[in-house]
Amino acid sequence: MNRNEFAFGIVSLGAICWSSCSHSALRTTPKSGESLPNIVFIMCDDMGYGDLACYGQPYIETPHIDSLASAGMRFTQAYAGSPVSAPSRASLMTGQHTGHTLVRGNKEYWTNAAMVPYGNNEDYAVVGQHPYDPNHVIIPEILKDNGYTTALFGKWAGGYEGSESTPDKRGIDAFYGYICQFQAHLYYPNFLNRYDPSKGDSGVVRVTMDENIEHPMSGEEYRLRTQYSAEMIHREALRWIESRDGSRPFAAFLTYTLPHAELYQPDDEIVEYYKSKFGDDKDFGGNIWSRYNANTHVHAQFAGMITRLDGYVGEIMAALRKKGFDENTLVIFTSDNGPHEEGGADPVFFGRDGVLRGLKRQCYEGGIRIPFIAYWKGHIAAGTVNDHQLAFYDVMPTICDMIGVDIRSYLHSDGDTFDGISFLPTLTGGEQPQHDYLYWEFHETNQIGVRMGDWKMVVADGVPRLYNLAEDISEKNDVAADYPDIVRRMVDIIYAEHREPEVDFFRVTLPGRLPNS
């Protein structure tokens with residue numbers, strides 16, 4: 001089996017259905033007097049469908065995540081909210097697809113900002129992305145409203161500094177990481193952001209990395225920086241979980257920046273292991289505008305980042321077990337979109353999406369189909385592999401279903417919507433309602449995606465292309481001319497689901513309507 005076949009050698013579409021197993025001992029929502037479950041939602045950055053060993057990756061070792069999959073449920077047809085970071089996270093947080101949610105792309109607020117000094121460097125005075133709609137509820141607000149204490153460690157990307165949508169204003173009790181996804185291009189940054197009322201914070205503040213700023217952001221001296229953000233963020237997440245006393249349910253969103261570029265990390269035994277494994281490796285010359293520094297051994301660096309992330313997941317699970325939280329915590333592991341080829345990353349070498357077409361920024365399967373693993377002791381049957389079609393906007397209704405909340409009570413106006421369907425029945429062995437279709441749109445590549453059963457439509461620059469995923473998982477053969485009725489139905493879906501964006505920056509080109517036959 002070659003690299004481009006491996007990821008679907010065991011999980012090709014239609015080849016795996018819900019594993020048959022007894023669910024008689026499984027519970028669903030908490031019974032009267034039973035405590036609400038804790039929630040740990042782990043989302044990494046730009047991990048492709050085929051980047052984990054449990055999804056067929058032959059080169060990279062991920063024993064802890066594989067163990068999580070063995071103890072829980074591994075999904076084979078789960079989708080991100082968008083093929084890039086900010087709108088995918090917006091879809092997750094708002095329960096809306098990108099034809100409805102306000103944030104539909106990576107609109108940046110640092111490009112025209114003034115510069116301020118940080119030691120021997122300068123950085124932007126304001127950083128971040130377009131804010132979430134303050135009138136539309138997001139998941140942490142629902143959880144906090146229902147007795148949860150909440151935290152987010154990692155990347156926010158839901159509003160710029162000082163906006164109406166920063167973690168402290170959106171239901172997050174503790175935050176440490178990056179407000180801005182562009183800032184997260186540096187693993188050894190000039191500063192991180194924090195919101196911690198126990199430290200006297202009344203809102204999000206900057207925490208200067210005093211050891212880092214004494215060295216330039218680029219060039220050979222960058223290697224002298226010592227404050228590695230991924231490790232620092234992970235340690236704060238562990239401390240927060242370990243400090244819970246069980247008096248209130250908690251929800252931790254661990255939005256790790258690994259394995260996104262840049263391909264920099266401590267040169268420790270993890271990296272050395274993969275250097276010896278890959279031998280004569282590739283180099284990367286750098287991209288200073290994107291803050292991606294030049295580096296060597298990029299295959300070893302990338303593999304090391306995923307194995308490092310795997311170790312972090314193992315430590316989170318160990319912390320839950322040590323505190324006894326493992327008995328009643330839903331853990332989800334996933335990625336925000338498909339794989340990138342930035343900073344020297346080489347998805348072709350790793351076969352990162354198997355035979356899936358496309359990468360990050362594309363509405364083809366490779367840009368949006370993602371790993372998705374769920375673990376909930378006593379509720380999810382161990383070792384289950386499931387082909388239920390879900391998208392990020394299903395997470396909000398699933399959580400509401402799990403904690404016994406009517407999601408409709410959070411609609412703020414007649415025009416407000418939630419687009420998801422709870423997949424709690426899939427997790428717990430019940431009868432699962434299915435989506436009639438899934439929907440995406442993304443302005444940067446001017447693409448729209450619709451999945452309707454096995455049919456997949458990708459509209460690029462207004463031109464619809466149709467694929468039958470049951471026969472053509474690689475989306476190689478456009479059969480639009482052969483199935484005009486299917487094309488017509490799916491174009492009608494686009495017109496039903498697309499709302500003109502409130503921000504012109506996010507506009508896409510709609511396909512022309514087909515005449516009735």
Asks: Is the closest basic N to carboxylate O distance between R308 and D268 below 4.0 Å?
Replies: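 A salt bridge is present here (some side-chain N lies under 4.0 Å from a carboxylate O).
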
Asks: Testing the basics here: between G343 and Y292, what is the closest heavy-atom pair and its distance to 0.1 Å?
Replies: N-CD1, 3.7 Å

Asks: Minimum heavy-atom separation for F372 and A78, please, with both atom names.
Replies: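 F372 and A78 have their closest heavy atoms at CB-CB, 3.4 Å.
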
Asks: Between D45 (side chain only) and H260 (backbone N and O only), is there a donor and an acceptor less than 3.5 Å apart?
Replies: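 Flag not set: sc D45 to bb H260 has no pair under 3.5 Å.
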
Asks: Counting only N and O atoms by type, is there a donor-acceptor contact under 3.5 Å from the side chain of S335 to the main-chain atoms of M47?
Replies: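 Looks like yes, one N/O pair under 3.5 Å.
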
Asks: Rounded to the nearest 0.5 Å, how far does CE of M43 lie from CD1 of I370?
Replies: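 Rounded to the nearest 0.5 Å, the CD1-CE separation comes to 9.0 Å.
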
Asks: When R104 is tested against each of H443, E441, H97 for side chain to side chain donor-acceptor pair (under 3.5 Å), which residue passes?
Replies: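 In the set H443, E441, H97, the residue that makes a side chain to side chain donor-acceptor pair (under 3.5 Å) with R104 is E441.
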
Asks: Give me the atom names and distance for the closest heavy-atom approach of Y188 to N212.
Replies: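 For Y188 versus N212, the nearest heavy atoms are C-ND2, 3.4 Å.
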
Asks: Please evaluate residues M115 and Y124 with respect to the criterion side chain to side chain contact (heavy atoms under 4.5 Å, CB included), reporting the C-alpha separation (whole Å), side-chain torsions for both, the decisive distance (0.1 Å), and the verdict.
Replies: CA-CA 5 Å; M115 303 294 282; Y124 295 96; 3.6 Å; yes

Asks: Which pair of non-hydrogen atoms, one from C44 and one from L309, has the smallest distance, and what is that distance?
Replies: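 Where C44 meets L309 most closely, the heavy atoms are CB-CD2, 3.5 Å.
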
Asks: Under 30°, 30 to 60°, or over 60°: which ring-plane class applies to F506 and H130, parallel, tilted or perpendicular?
Replies: perpendicular

Asks: Indicate yes or no for a side-chain donor-acceptor contact from Q57 to the backbone of G50 under 3.5 Å, with no hydrogens or angles considered.
Replies: yes

Asks: Are any side-chain N or O atoms of N293 and backbone N or O atoms of M217, one a donor and one an acceptor, separated by less than 3.5 Å?
Replies: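 Indeed, once roles are kept as given, a pair shorter than 3.5 Å links the two residues.
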
Asks: Is there side-chain contact between D51 and P371, with at least one heavy-atom pair below 4.5 Å?
Replies: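 In short, these two side chains do not touch, never coming nearer than 4.5 Å.
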
Asks: Quick one: closest heavy-atom pair of Q181 and Q129, and the distance?
Replies: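 Answer, listing the atom of Q181 first, then Q129: N-OE1, 3.1 Å.
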
Asks: Answer whether the closest heavy-atom distance between the side chains of Y312 and L258 falls below 4.5 Å.
Replies: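 When only atoms from C-beta onward are counted, L258 and Y312 do touch, with a gap below 4.5 Å.
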
Asks: Taking NZ, NE, NH1 and NH2 as the nitrogens, is one of them in E141 or R170 under 4.0 Å from a carboxylate oxygen of the other?
Replies: yes

Asks: Distance-only, no hydrogens or angles: does the N337 side chain make a donor-acceptor pair with backbone N or O of G367 under 3.5 Å?
Replies: no

Asks: Got a second to check how far E341's CD is from D46's CG, nearest 0.5 Å?
Replies: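 Result: 11.0 Å between the selected atoms.
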
Asks: Could you tell me whether a side-chain N or O of N38 sits under 3.5 Å from a main-chain N or O of T329, the two making a donor and an acceptor?
Replies: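 Between the backbone of T329 and the side chain of N38 there is no qualifying donor-acceptor contact (under 3.5 Å).
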
Asks: Looking only at side chains, do N295 and D283 share a donor and an acceptor under 3.5 Å apart?
Replies: no

Asks: Take R74 and D66 through the test salt bridge (Lys or Arg N to Asp or Glu O under 4.0 Å) and record every step on the way to the result.
Replies: CA-CA 10 Å; R74 179 171 64 84; D66 299 345; over 6 Å; no

Asks: Cut-off 3.5 Å, side chains only: do T166 and D168 have a donor facing an acceptor?
Replies: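 Result is yes, a qualifying pair exists.
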
Asks: Just checking, any donor-acceptor pair under 3.5 angstrom between side chains of Q447 and Q362?
Replies: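 Side chains of Q447 and Q362: no pair found under 3.5 Å.
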
Asks: From the options F75, Y49, Y364, select the one residue that forms a side chain to side chain contact (heavy atoms under 4.5 Å, CB included) with R369.
Replies: Y49

Asks: Has the side chain of Q227 got a donor or acceptor atom that lies under 3.5 Å from a matching backbone atom of E211?
Replies: yes

Asks: Salt bridge or not for R235 and E315, using N-O below 4.0 Å?
Replies: yes

Asks: Ignoring hydrogens and geometry beyond distance, is a side-chain donor-acceptor pair present between S243 and R239 at under 3.5 Å?
Replies: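 Side-chain D/A pair, S243 to R239: absent.
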
Asks: Check the angle between the aromatic planes of F349 and F278 and answer parallel, tilted or perpendicular using the 30° and 60° thresholds.
Replies: perpendicular

Asks: Using a 3.5 Å distance criterion without hydrogens, assess whether the side chain of W156 forms a donor-acceptor pair with backbone atoms of G128.
Replies: no

Asks: Do we see a donor-acceptor contact under 3.5 Å between the side chains of Q183 and D123?
Replies: yes

Asks: Would you call the rings of F302 and F350 parallel, tilted or perpendicular if under 30° counts as parallel and over 60° as perpendicular?
Replies: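 F302 vs F350 ring planes: tilted.
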
Asks: Hey, does F253 have a side-chain heavy atom less than 4.5 Å from the side chain of L143?
Replies: yes

Asks: Just checking, any donor-acceptor pair under 3.5 angstrom between side chains of S82 and T98?
Replies: no

Asks: By ring pair (Phe, Tyr, Trp, His ring centres under 6.0 Å), which residues pair with H388, not counting sequence neighbours?
Replies: none

Asks: Could you walk me through whether M402 and I39 pass the side chain to side chain contact (heavy atoms under 4.5 Å, CB included) check?
Replies: CA-CA 10 Å; M402 185 176 67; I39 298 166; 3.6 Å; yes

Asks: If you measure from the Lys or Arg side-chain nitrogens to the Asp or Glu carboxylate oxygens, is any gap between D336 and K360 under 4.0 Å?
Replies: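 Answer for the salt bridge query: no.
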
Asks: For the side chain of S422 and the backbone of L424, is there at least one donor-acceptor N/O pair under 3.5 Å apart?
Replies: yes

Asks: Could you check whether D281 pairs with K275 (Lys NZ or Arg NE/NH1/NH2 to Asp/Glu carboxylate O, under 4.0 Å)?
Replies: no

Asks: Evaluate side chain to side chain contact (heavy atoms under 4.5 Å, CB included) for M209 paired with Y118, printing each intermediate quantity in order.
Replies: CA-CA 9 Å; M209 302 290 101; Y118 279 88; over 6 Å; no

Asks: Considering non-hydrogen atoms only, spot the tightest contact between S474 and R357 and give its length.
Replies: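 Heavy atoms only, the tightest pair is O-CB, 3.1 Å.
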
Asks: Please step through side chain to side chain contact (heavy atoms under 4.5 Å, CB included) for the pair N190 and R225, ending with a clear verdict.
Replies: CA-CA 10 Å; N190 296 321; R225 292 191 171 203; 2.9 Å; yes

Asks: Just so I know, are the side chains of R244 and T149 near enough to count as touching, which here means a heavy-atom distance under 4.5 Å?
Replies: yes

Asks: Taking the side chain as every heavy atom from C-beta outward, state whether I142 and I399 have any atom pair closer than 4.5 Å.
Replies: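 No, too far: nothing below the 4.5 Å cut-off.
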
Asks: Heavy-atom distance under 4.5 Å between the side chains of F41 and V395, does that happen here?
Replies: yes

Asks: Would you say the side chains of Y178 and S229 form a donor-acceptor pair under 3.5 Å?
Replies: yes

Asks: Does NZ or CZ of R206 lie under 6.0 Å from the centre of the six-membered ring of F191, at an angle within 45° of the ring axis?
Replies: yes

Asks: Would the distance check show the side chain of N121 and the main-chain N or O of I213 forming a donor-acceptor pair, the cut-off being under 3.5 Å?
Replies: yes

Asks: Do the side-chain N and O atoms of D394 and Y79 include a donor-acceptor pair separated by under 3.5 angstrom?
Replies: no

Asks: If the plane angle is over 60° it's perpendicular, under 30° parallel, otherwise tilted; pick one for F250 and W240.
Replies: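 Perpendicular, since the angle between the ring planes exceeds 60°.
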
Asks: Give the C-alpha distance, both sets of side-chain angles, the deciding distance and a yes or no for ring pair (Phe, Tyr, Trp, His ring centres under 6.0 Å) between H299 and Y274.
Replies: CA-CA 8 Å; H299 294 147; Y274 282 111; over 10 Å; no

Asks: Assess the side chains of Y160 and E108: does a donor N or O sit below 3.5 Å from an acceptor N or O?
Replies: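 Absent: no donor and acceptor within the cut-off.
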
